[in-house]
Amino acid sequence: MSFSFALLNLQQRDAVQTIHGPVLILAGAGTGKTRVITMRIANMVDQGISPENIVSVTFTNKAASEMRERITEILGKEKAKKLTLGTFHAFCMRLLRQHAEALGYKNNFTIYSQGEQISLVKKILARLLVKEENYDPSMALSRISKAKNAGESLGDPMQTVDGALQQLYTDELRAMNAMDFDDLLLNGVKLLEDHPEVREAVQGKLRYVMVDEFQDTNTLQMRLLRALVPPPHNICVVGDDDQSIYGWRGADITNINEYESFFPDPKIIKLEENYRSTTPILHTANSLIRNNVGRRDKSLWSRNAGQDPVRLVVTEDEKEEAALIADEMTDAQTKGEKWDDMAVLFRTNEQSRVLEGEFRKRKIPYRIIGARSFFDRREVKDILAYLTVLANPDDDVSLQRILNTPTRGIGAATAELAREHSIKKRTSVFAALKDPEFLENISQRLQVVINGFVETMESFRGQAHQPLQPLQPLAEKFIAEIRYMEYLEKQAKTPEDFETWKNGVKMLMQSLTGYDERAKGEGLQGFLDETSLNDDREEKEDITKKTGVCLITLHASKGLEFPYVWLPGMEEGILPHKRSIDENRKDEERRLFYVGITRAMRKLTISHCRYRVKWGQKQTCMASSFLQELDRQYVEEFDHAAYMNEDLDKDDATDFMAAMRRQLMSEA
DNA sequence: GGGGTGTCGATTTTT
DNA sequence: TCGACACCCC
Ligand SMILES: Nc1ncnc2c1ncn2[C@@H]1O[C@H](COP(=O)(O)OP(=O)(O)OP(=O)(O)O)[C@@H](O)[C@H]1O
């Protein structure tokens, strides 16, 4: 046997040894659910099941690669490599890359993430009507997404804006051979539900299914599982209803209840011992989550009494809060703790700015997890748009982004002409650019420019499709060819701007190099898939690998653990967030807080400010209403602002005494 | 068509 | 405070 049951308690062992039939593991935070999945996979392989027949779905790609790492340690690389591990979206994406044609797409479809979705919606809205004020594109998008998930329509396209928008959005995506994140699931489901030959092939291969973080699955994902798993229902799901924090994205806790109706008579396993946190931390977490109505109570305990109470600190403002955290970290580090073992968890990405500033100032090494901000940088978006068009020339949105970047004289008017022509001819915009009938109607000068652009694109498209072509050198050559760096230099208002952009390009090149070295033979398409699905494997190679304290949102922290945790900004309006209060979703915010608390292993510090600068304006902050729900048995409260003031007074006093002394001395 | 300036408005969370 | 976008001049 390649692993030891000694690492598991009785209930965990039960779960690990029940290989056939449905299994439902419902258990609180830190009870070893993820460990059970990992060990269960190892045990199955030990029992002679081939790793190719096992699929395990995780919530993030990061969680997937961590799981693969752990399994590699137990089973070795050869076997671990053969497992199917990833998110629902990644799973569907791979399926669709093979079978998209069955659904009328081409296999080189583009995956649209939020930025591209929004720019498409904006464009449709602008064209569609109207400048209806307060028609928020991202709100519209989330309505579309909800409707898609529920399989509904937003109303008659002739009657409502939403209806028209949804139809145009859907049609245009399809015309561009593009799918958004919901389409990946939707089309994955279609493939399995409506195409028996595909379904049977997949079912024949993936005979054992496991799902982590089941409480955050949505309707489409549940449908996918039903289509994927035939009787005798070899499906094991694990989850914790108290940690469901993605309701805003369509996650549906009722999936837990419905599980039993789709996969009858499951073995139900409860885990109650928490191996992660000390009693003070766990007790505090329990006292909070009890306030959610309609929740099923569960017991959760730890045999680790711990050394430290949970601390609840109030500071004057967000700068003082950041300084306090930095102080405490430095202190702990001096006493021998590792930076890697410390983390700050916050509600909104924006909160990390103050912390970053403070850490930089004090030279505390830090890493920011999850933030996609790198891919939102203009220089990165530009180059990715180029690469995207090379992979899928039908992608009009990406094409529009690059058509005049760098400036080459193809302005908005020409782009609109091309678009109109493409509609008339029912082709893509790129095809329109090549059409002699289109070129006829524009100036000589423009014809030359457009021909040049098309030629460059097609030449590089050919090269990118050479088998085993390394991407980084090709991209480098391409950037030189279109004179992109020269363009950036010209655009930059200050030399620093240019430096920053140059650096962005360089980092993108590094991730291409990383991809080339991993040589998976999936070419340009593979690279783009990884970036749009937020697969951070390549990041691991350079950015994240650096050690340092961890800055991360509460949402992204799910499933992780740290010996030292700080939860700053616990104020009404931040957690619970204002929008959530308005939309009556405080319960989910409470769960978010619960997730945050239960990430801590040994030491937890919760803090809030009296004032906070927002949009350059000092604002009074109220402590989060959740704080009064925390049982104080193990909580130590501390008014840091008052302490600082005292300190000031003390300084004043010493100064005063010194002045007195000086005066007395000089008089004497 | 390109580039500069000024005003207004906005911040939740992510596959 | 910062970025998106509208508007204006070259
Ligand atoms: N039987 C056990 N004995 C000792 N330690 C364990 C045992 N089971 C799990 N652990 C440890 O407890 C910690 C939490 O485990 P794990 O991450 O699997 O929990 P989880 O239930 O997935 O948590 P969460 O739902 O909060 O993400 C890990 O550090 C793990 O190594």
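Atom set for the values below is all heavy atoms of this structure, side chains included, hydrogens, waters and symmetry mates excluded. Every chain is numbered from 1 and lettered A, B, ... according to where its sequence line falls, protein lines coming before strand lines.
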Please give, in whole Å, the distance from [N] [atom2] to [X] [atom1]?
{"X": "A:Ile581", "N": "B:dT13", "atom1": "CD1", "atom2": "C1'", "answer": "15 Å"}
{"X": "A:Phe346", "N": "B:dT13", "atom1": "CZ", "atom2": "C1'", "answer": "12 Å"}
{"X": "A:Ile574", "N": "B:dA10", "atom1": "CD1", "atom2": "P", "answer": "19 Å"}
{"X": "A:Phe593", "N": "B:dT12", "atom1": "CZ", "atom2": "C1'", "answer": "17 Å"}
{"X": "A:Ile118", "N": "B:dT15", "atom1": "CD1", "atom2": "P", "answer": "15 Å"}
{"X": "A:Lys586", "N": "B:dT12", "atom1": "NZ", "atom2": "P", "answer": "18 Å"}
{"X": "A:Leu592", "N": "B:dT13", "atom1": "CG", "atom2": "P", "answer": "11 Å"}
{"X": "A:Asp582", "N": "B:dT12", "atom1": "CG", "atom2": "C1'", "answer": "12 Å"}

For this session: Using the six-membered ring wherever Trp is involved, compare the ring planes of A:Phe181 and A:His89 and label them parallel, tilted or perpendicular (cut-offs 30° and 60°).
Result: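 Geometry flag for A:His89 against A:Phe181: perpendicular rings.
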
For this session: Test for a donor-acceptor pair under 3.5 Å between the base of B:dT13 and the side chain of A:Arg347, counting only N and O atoms.
Result: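 Yes.
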
Exercise. Can you find an N or O donor on one side and an acceptor on the other, under 3.5 Å apart, linking the side chain of A:Gln617 with the base of C:dT1?
Worked result: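 In this structure, the two groups form no donor-acceptor pair.
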
Exercise. Would you say the ring centroid of A:Phe59 lies under 6.0 angstrom from that of A:Tyr246?
Worked result: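 Between A:Phe59 and A:Tyr246, the centre distance is under 6.0 Å.
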
Exercise. Ring centres of A:His577 and A:Trp248 under 6.0 Å apart?
Worked result: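 Centroid distance A:His577-A:Trp248: not below 6.0 Å, so no.
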
Problem set entry | Charged tip of A:Arg401 within 45° of A:Tyr386 ring normal and under 6.0 Å |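 No; the conditions do not both hold, so A:Arg401 does not lie above the ring face of A:Tyr386.
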
Exercise. Quick one: is the NZ or CZ of A:Arg174 closer than 6.0 Å to the six-membered ring centre of A:Tyr105, and within 45° of its axis?
Worked result: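 Geometry flag: set, cation within 6.0 Å and 45°.
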
Problem set entry | Minimum heavy-atom distance A:Asn404-A:Gly409, with the two atoms named |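 Result for this residue pair: OD1-N, 3.2 Å.
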
For this session: Write down the distance separating the P atoms in B:dT13 and C:dA4, rounded off to the nearest Å.
Result: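 Approximately 16 Å lies between the P atom of B:dT13 and that of C:dA4.
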
Exercise. When every nucleotide of nucleotides 1-6 of chain B is labelled 5' to 3' by its protein contacts under 4.0 Å (heavy atoms), B for base, S for sugar-phosphate only, - for none, what sequence of letters results?
Worked result: SSS---

For this session: Return the nearest nucleotide to the side chain of A:Thr60; candidates are B:dT14, B:dT12, B:dT15.
Result: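 The closest nucleotide is B:dT15.
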
For this session: Look at all strands and tell whether A:Tyr246 reaches a base, only sugar-phosphate, or nothing, counting heavy atoms closer than 4.0 Å.
Result: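 Touches sugar-phosphate only.
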
Exercise. Touch check for A:Gln117, heavy atoms < 4.0 angstrom, all strands: base, sugar-phosphate only, or nothing?
Worked result: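 If one applies the 4.0 Å heavy-atom cut-off, A:Gln117 turns out to touch nothing in the nucleic acid.
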
Exercise. Going by ring centres under 5.5 Å and near-parallel planes (under 30°), is A:His89 stacked on B:dT15?
Worked result: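 So A:His89 does not count as stacking on the base.
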
Exercise. Below 4.0 angstrom from OP1 or OP2 of B:dT13, is there any side-chain N or O of A:Asn349?
Worked result: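 Answer yes for this pair, as a side-chain N or O of A:Asn349 is under 4.0 Å from OP1 or OP2.
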
Exercise. Taking only side-chain nitrogens and oxygens of A:Ser580, does any of them come within less than 4.0 Å of OP1 or OP2 of B:dT12?
Worked result: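 For B:dT12, OP1/OP2 do not have a side-chain N/O of A:Ser580 under 4.0 Å.
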
Can you name the atoms? Protein N/O to nucleotides 2-5 of chain C N/O, anything below 3.5 Å, with the distance.
| unit_1 | atom_1 | unit_2 | atom_2 | d |
| --- | --- | --- | --- | --- |
| C:dC5 | OP1 | A:Lys122 | NZ | 3.2 |

